[in-house]
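Just below is one structure, and these are the notes that go with it.
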Amino acid sequence: MKYLTKEWYEEMQITSFLLFPETKKDWEENIAWHISEGLNFEELRRVELEYRKNDLLKFLPEPFHPYIHDGTLNSQFPSEELRTMAEQWQNEYDKRMSIIRDEYSRYYLSIKDSLSENVVQFYQKSLHDAKVISVETPSEDIFIMTLDCSGGYHYHTNVQITFTGVKNLQPPDLNVGSYWLYDEIYLTEAGFELHVLFDSPLMEFTIAADNVIIEISS
């Protein structure tokens with residue numbers, strides 16, 4: 001991956017910790033809703049923060065760290081200091097993400113006319129949230145992936161994707177049950193290189209091939 005990496009995704013996941021209620025009333029109503037549903041607000045917040053703690057410490061600057069260590073980042077109504085820091089970090093993050101999106105968008109437009117029609121169609125019909133239900137390697141230069149796209153943005157059925165003229169496949173053991181998150185296409189001398197970020201487990205997948213064939217289940 002060049003842009004949509006594991007690290008990019010992990011940083012994106014922590015942004016929700018810096019989205020605070022506008023007012024103290026909103027905060028208290030949220031707690032009251034949890035109580036009415038029989039949920040332990042404090043315990044849920046503790047578990048949520050513990051799950052992302054390493055990433056929070058990794059991506060957020062040091063002034064945030066005391067709030068992370070004592071758990072008040074997401075368990076108390078934010079102080080003005082915390083809210084200000086969060087807004088500043090979020091603004092800087094949004095600018096960085098905008099640059100990434102613009103850079104890749106410009107690159108894709110520059111190569112689009114050099115890609116085969118199949119590759120363009122493959123890339124432009126998002127496979128986000130599609131589930132891998134089988135993978136096959138019938139020969140060294142062919143890789144077949146079958147996806148359940150019922151929960152995705154396009155197709156809404158099973159799709160078989162056959163990569164032909166495969167030059168590179170990393171890693172070779174893509175997990176059945178993985179979910180397709182985000183992807184990037186790059187132009188190569190022989191064809192194209194696809195980078196995919198999968199979840200369950202979170203991993204980066206790369207395949208270079210001459211072409212791709214998309215077959216939709218009836």
Side-chain angles (χ1 to χ4, degrees), residues 1-16 19 37 48 51-52 94 97-98 100-139 141-188 191-218:
M1 308 293 286
K2 295 187 179 180
Y3 292 103
L4 309 183
T5 63
K6 287 175 61 177
E7 185 169 86
W8 166 85
Y9 185 77
E10 288 164 351
E11 184 176 16
M12 180 172 65
Q13 299 310 295
I14 70 165
T15 59
S16 62
L19 298 176
E37 295 293 316
E48 182 183 39
Y51 181 70
R52 293 290 179 188
D94 290 343
M97 295 304 105
S98 179
I100 286 175
R101 287 192 297 271
D102 290 346
E103 283 184 357
Y104 181 75
S105 179
R106 286 194 298 270
Y107 171 77
Y108 176 70
L109 291 175
S110 75
I111 66 167
K112 182 180 177 182
D113 291 343
S114 299
L115 297 169
S116 73
E117 183 178 341
N118 279 9
V119 174
V120 171
Q121 178 186 352
F122 168 77
Y123 177 71
Q124 294 190 169
K125 291 190 174 181
S126 173
L127 292 168
H128 182 68
D129 281 347
K131 182 180 180 179
V132 178
I133 55 178
S134 72
V135 292
E136 304 173 56
T137 310
S139 67
D141 64 345
I142 294 179
F143 180 73
I144 302 172
M145 180 189 307
T146 303
L147 302 171
D148 173 5
C149 299
S150 58
Y153 294 169
H154 292 282
Y155 304 115
H156 306 296
T157 185
N158 290 355
V159 174
Q160 180 174 287
I161 302 168
T162 302
F163 297 91
T164 61
V166 174
K167 306 294 190 299
N168 180 41
L169 181 63
Q170 295 294 331
D173 55 345
L174 179 63
N175 287 26
V176 171
S178 296
Y179 285 87
W180 189 297
L181 294 177
Y182 302 99
D183 52 73
E184 307 164 356
I185 288 278
Y186 294 91
L187 183 67
T188 64
F192 70 100
E193 184 171 275
L194 170 70
H195 297 188
V196 185
L197 186 65
F198 281 99
D199 196 12
S200 299
L202 187 64
M203 62 171 288
E204 298 174 13
F205 173 82
T206 301
I207 184 168
D210 293 344
N211 211 338
V212 61
I213 300 167
I214 306 163
E215 297 174 272
I216 304 170
S217 298
S218 57

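Index from 1, following the sequence. On a predicted model such as this, the values are computed, not experimentally measured, just so you know.
Taking both residues in full, the closest heavy atoms of Asn211 and Ser116 are given as OD1-OG, 3.0 Å, listed atom of the first, atom of the second, then distance. Nearest heavy-atom pair, Leu187 versus Ser114, reported as atom, atom and distance to 0.1 Å: CD2-CB, 3.8 Å. Of all heavy-atom pairs spanning Trp8 and Met97, the tightest one is NE1-SD, 3.3 Å. In plain terms, the two heavy atoms of His154 and Ser126 that are nearest each other are CD2-N, 3.2 Å. For the residue pair Gly177 and Lys131, the shortest heavy atom distance occurs at CA-CE, 3.9 Å. Looking at every heavy atom in both residues, Gly151 comes nearest to Asp129 through O-CB, 3.8 Å.
When ring centroids are compared, Tyr123 and Tyr108 come within the 6.0 Å threshold.
Relative orientation of the Tyr107 and Tyr186 rings is tilted, given thresholds of 30° and 60° on the angle between their planes. The aromatic rings of His128 and Tyr153 are tilted relative to each other, their planes meeting at an angle between 30° and 60°. The aromatic rings of Trp180 and Phe198 lie perpendicular to each other, with more than 60° between the two planes, well past the 30° mark.
Each of Leu147, Asn175, Asp148 was evaluated against Val132; a single residue qualifies, Leu147, per the side-chain contact (heavy atoms from CB on, under 4.5 Å) test.
With no hydrogens or angles considered, no side-chain donor-acceptor pair links Glu184 and Tyr3 at under 3.5 Å.
Within a 6.0 Å radius of CD in Glu117, no more than 12 heavy atoms belonging to other residues, nucleotides or ligands are found. Around atom OH of Tyr179, no more than 12 heavy atoms belonging to other residues, nucleotides or ligands sit under 6.0 Å away.
Counting only distance, with no hydrogens or angles, the side chain of Tyr182 and the backbone of Thr5 share no donor-acceptor pair below 3.5 Å.
Of the inter-residue distances, the one linking Gln160 atom CD with Ile216 atom CD1 reads 12.0 Å to the nearest 0.5 angstrom. Here CG of Leu181 is found 5.0 Å from CG of Leu197. Values are rounded to the nearest 0.5 Å. To the nearest 0.5 Å, atoms SG (Cys149) and CD1 (Ile161) are separated by 6.5 Å. To the nearest 0.5 Å, atoms CG (Asp199) and OH (Tyr9) are separated by 5.0 Å. Remark: Glu7 CD to Glu10 CD distance equals 7.0 Å, nearest 0.5 Å. Taken to the nearest 0.5 Å, the CZ atom of Phe143 stands 5.5 Å off from the CD1 atom of Ile207.
The side-chain heavy atoms of Leu4 and Tyr104, taken from C-beta on, include no pair separated by under 4.5 Å. Residues Ile142 and Glu136 are not in side-chain contact: their nearest non-hydrogen atoms beyond the backbone lie 4.5 Å or more apart.
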Exercise for review: Take Asn118 and Ile214, measure what side chain to side chain contact (heavy atoms under 4.5 Å, CB included) needs, and give me the verdict at the end.
Suggested key: CA-CA 8 Å; Asn118 279 9; Ile214 306 163; 5.8 Å; no
Point to revise | Steps toward side chain to side chain contact (heavy atoms under 4.5 Å, CB included) verdict (Phe205, Asp183) | key: CA-CA 9 Å; Phe205 173 82; Asp183 52 73; over 6 Å; no
Check your understanding: After noting the C-alpha distance and the side-chain angles of Val119 and Leu194, does the key distance pass the side chain to side chain contact (heavy atoms under 4.5 Å, CB included) rule?
Key -> CA-CA 10 Å; Val119 174; Leu194 170 70; over 6 Å; no
Practice item. Kindly indicate, with the supporting measurements, whether the criterion side chain to side chain contact (heavy atoms under 4.5 Å, CB included) is fulfilled by Lys167 and Asp210. Key: CA-CA 8 Å; Lys167 306 294 190 299; Asp210 293 344; 2.6 Å; yes
